[in-house]
Chemist: 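I have a structure here, written as structure tokens, and I will follow up with some questions on it.
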Amino acid sequence: MSSFRCFVQCGNMAGLELLSDQGYRLDGRKSTELRKVQARMGVFAQADGSAYLEQGNTKALAVVYGPHEMRGSRSRTLHDRAVINCQYSMATFSMSERKRRPHGDRKSTEMSLHLKQTFEAAVMTQLYPRSQIDIYVKILQSDGGNYSVCVNAATLAVIDAGIPMLDYVCASTVGFVDETPLADLCYAEESGGVSSLALALLPRGGQIALLQMDARLHQDNLEALMDAAMTACKGVSKVLDQVVRQHLQEASLATGD
Amino acid sequence: MKETPLSNCERDFLLKAIQEKKRLDGRQTYDYRKLKIMFGTDFGCCFVELGKTRVMAQVSCELVAPKENRPNEGIMFFNIELSPMASPAFEQGRQSELSVKLNRQLERCLRNSKCIDLESLCVVSGEKVWQIRVDVHMLNHDGNLMDAASIAAIASLCHFRRPDVGIQGDEVTVYSPNERDPIPLSIYHMPISVSFAFFQQGTYLLVDPCEREERVMDGLLMIAMNKHREICSIQSSGGIMLLKEQVMRCSKIASVKVSEITKLIMKALENDKTARKAGGKCGFAESMPQERITALKKDETAVEMTDVTERANDIVLNAEVLPQTSQSLLVPLPGMGQVGKDLPNSWGIEEYDQDEEEAFNSDEDKQTTMEVGEKQKAHEDVVEISDSEEDEVVILQPEAMDKAHKKTSSSSHLKEPAASKKRHRK
């Protein structure tokens, strides 16, 4: 634990090389390579839909309940659509320092709002008027790209719950270092003061459900960065598609089809 | 308090106007509202007026212990207060969604972009650093709070002066403003946010939406840039789907707007500096318009005048000749007056029964003795169901209903309420 913290501090002070001359990153990936994605759907029997997704060292668990009747404040019911309610939380053990407030602080609320916005764009809510769909995401281990991993895990969970969506929602975080876009940032790269862009994409139409960028980036580099993000998202969508098909095959074998 | 919902016709009107590239206040699609920046008497106090949206920012500083993982950097803290005075929809208890969203956006725009040199705020490494706190208060909400807040925050940070600090060995002395002049913060660049509102699933876009436009928009894209064309933050919100080309186009528009606004802020800072040096009065009280004859004067609004004469002539030629009516006052009874008796109906509603109109007109008088006899003559279909002296219930007979159906919708609309909701005042 302490050695990891030293590592990060050294990174800040000594300007750790995020991209070597040969084009290799800290963990040996090339600039356009994504981290290894492993996913499993239907992990919980109680929930309508659930999924577990690992992207490198970042692990997220997503659970979907719904569509069901509106709970809580009935006044928020929409007469023509379903309301999507998202909650994002991080496990207290997810980061190198124990997280004192897993949910309720500003960053988690903001992340929940972003997730809600992303899925409101993608889920066909007009099919379920006056109802509510709950999406709960928990980060079990955080190693960068929290938002993207949450979105990918939640997509699988929504598909597992059988709720129709316009398309897969795939997200990835890209950064810009030394004039090169780096796809799928890890924690060391994110905290190194790199300008990072998080993008949630519906791959088939190329529509952007959410776009978020921090830190300084010259306007001319924006297009290159967005292109890299969209390519990374399309890569993720292929993996997610494969996972879904495999899960369906296993499920149909189990029911003896 | 829940805000009053927007009526459907208002929503349709706004959307239709946007489709025709017209805005409520006559702006073009890429125009900002009038921006006014004023500074208060204290250093670090700034008022921003963007159209009718008013925002106030105040910067203050304090010596505190630094964060453990960053021992030689100062601390920046941002806080946006959505005060209930700005809008009836804001409640005193915090943490509404909008408040979280604005706070996070401002934090990301100003803190993550590293616009201020935090290492210069360090006094004793690991023990004492300056904590700079920016409080932004919304005073009036007329749309686009984010842009106004970002302009106010960065202008007040540029305006702020912190106390000078002297270090001699182990001793640290903080000089008050009387002893030594306070020093300004070292600011690298000025990030300013520009908001774009999208309508009709991204077909139309507007810069600087006012409050009404914000209510009908599909989603919002906020781009924060500085004048060196560096993007400091991008955030899309609302459930819209964007395309890459739209984002690129918005960033180009944003760079133009940001350079204009930066010039405005620099000019305001210059004016304030010269005013203070000259020893003249400065501050918020001075910037309010005085009680003069022209204090409430409004600027001229541009009116489209290209083919006015032809259009006016057309209207005059094609209009029907109005019947010449002599408006003589008739006094049938003391306390009751009648104007326009036996004249043709000029309300533009066809087939409005003449007698009913009379009865309707005479109903409007406050103290009147109703001529019940005349009314009974006019309405054969008046049936007294209840003994109530207040209401008169009218039963529309089938042939009256058929007649009603054949009429135009507007007239039947007006006739039935007039016929069925008459009140006697005795």
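Keep in mind that what you see is a predicted model, and the values were worked out from it rather than measured. All chains are named by letter (A, B, ...) in the order of the sequence lines, taking the proteins before the strands, and each is independently numbered beginning at 1.
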Chemist: Which residues pass the side-chain hydrogen bond (donor to acceptor under 3.5 Å, both in side chains) test with B:H189, sequence neighbours left out?
Modeler: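 With sequence neighbours excluded, B:H189 shows a side-chain hydrogen bond (donor to acceptor under 3.5 Å, both in side chains) to B:N226, given in chain and number order.
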Chemist: Strictly by modelled atom types, are A:D184 and A:S172 linked by a side-chain donor-acceptor pair under 3.5 Å?
Modeler: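 Absent: no donor and acceptor within the cut-off.
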Chemist: Check whether B:D117 reaches the backbone of B:S186 with its side chain - one donor and one acceptor, N or O, closer than 3.5 Å.
Modeler: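 Here the side-chain-to-backbone pair does not exist.
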Chemist: Counting neighbours of CZ on B:F13 that are heavy atoms of other residues, nucleotides or ligands and sit closer than 6.0 Å, is the number greater than 12?
Modeler: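 Count not over threshold, so no.
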Chemist: For the interface with chain B, which of A:L197, A:L201, A:D227, A:L199 has the highest count of heavy-atom pairs at distances below 4.5 Å?
Modeler: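 Most pairs with chain B among the choices: A:D227.
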Chemist: For each of A:K107, A:Q117, A:E120, tally heavy-atom pairs with chain B at distances under 4.5 Å, and name the one with the top tally.
Modeler: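 Most heavy-atom pairs under 4.5 Å with chain B: A:Q117.
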Chemist: Is any side-chain N of the basic residue among B:E97 and B:K101 closer than 4.0 Å to the acidic one's carboxylate O?
Modeler: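 A salt bridge is absent here (no side-chain N lies under 4.0 Å from a carboxylate O).
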Chemist: Give the member of B:L242, B:N112, B:I240 that has the highest number of heavy-atom pairs under 4.5 Å with chain A.
Modeler: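 The answer is B:L242.
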Chemist: For B:M266, does the CE atom sit with more than 12 other heavy atoms under 6.0 Å from it, leaving out its own atoms?
Modeler: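 No, not enclosed.
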Chemist: Of all of B:C115, B:S113, B:G238, B:S255, which one pairs up most often with chain A through heavy atoms under 4.5 Å apart?
Modeler: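 Top count of heavy-atom pairs under 4.5 Å with chain A: B:G238.
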Chemist: Could you please state which residues from residues 145-156 of chain A sit under 4.5 angstrom from chain B, measuring non-hydrogen atom to non-hydrogen atom, sorted by number, or 'none'?
Modeler: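 So no residue qualifies.
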Chemist: With a 4.0 Å cut-off, would you call B:E10 and B:R212 a salt bridge?
Modeler: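 Yes, this pair counts.
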Chemist: Report the distance from atom OG of B:S125 to atom CD of B:E73, rounding to the nearest 0.5 Å.
Modeler: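 It is 10.0 Å, given to the nearest 0.5 Å.
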Chemist: Salt-bridged, A:E223 to B:K244, with N to O below 4.0 Å?
Modeler: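 Looking at A:E223 and B:K244, the cut-off is met.
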Chemist: For A:L166, which atoms come within 4.5 Å of any heavy atom of chain B: side chain, backbone, both, or neither?
Modeler: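 Side chain only.
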Chemist: Are any non-hydrogen side-chain atoms of A:L202 and A:M165 less than 4.5 angstrom apart?
Modeler: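 Answer no - side chains too far apart.
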Chemist: Run through B:N72, B:V123, B:V129, B:L121 and flag the one making a side-chain contact (heavy atoms from CB on, under 4.5 Å) with B:P66.
Modeler: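 Checked B:N72, B:V123, B:V129, B:L121 against B:P66; only one passes side-chain contact (heavy atoms from CB on, under 4.5 Å): B:V129.
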Chemist: Count the heavy-atom pairs under 4.5 Å between each of B:K114, B:E107, B:R108 and chain A, then report the option with the highest count.
Modeler: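 Heavy-atom pair counts peak at B:R108.
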Chemist: Pick one of side chain, backbone, both or neither for A:L217, based on which atoms fall under 4.5 Å of a heavy atom in chain B.
Modeler: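 Its backbone and side chain both get close to chain B.
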Chemist: Under the rule for side chain to side chain contact (heavy atoms under 4.5 Å, CB included), what residues qualify as partners of B:A149, not counting sequence neighbours?
Modeler: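 For B:A149, the residues satisfying side chain to side chain contact (heavy atoms under 4.5 Å, CB included) (neighbours in sequence not counted) are B:I80, B:V136, B:M138.
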Chemist: For the interface with chain A, which of B:R229, B:H228, B:M225, B:M241 has the highest count of heavy-atom pairs at distances below 4.5 Å?
Modeler: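 Result: the option with the highest number of such pairs is B:R229.
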Chemist: Ignoring hydrogens, what is the shortest heavy-atom contact between A:V194 and A:G175? Give both atom names and the distance.
Modeler: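 Closest pair (atom of A:V194, atom of A:G175, distance): CG1-CA, 3.8 Å.
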Chemist: Enumerate by number any residue of residues 87-94 of chain A whose heavy atoms lie under 4.5 Å from heavy atoms of chain B; in the absence of such residues, state 'none'.
Modeler: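 Counting heavy atoms that sit under 4.5 Å from chain B, no residue of residues 87-94 of chain A is involved.
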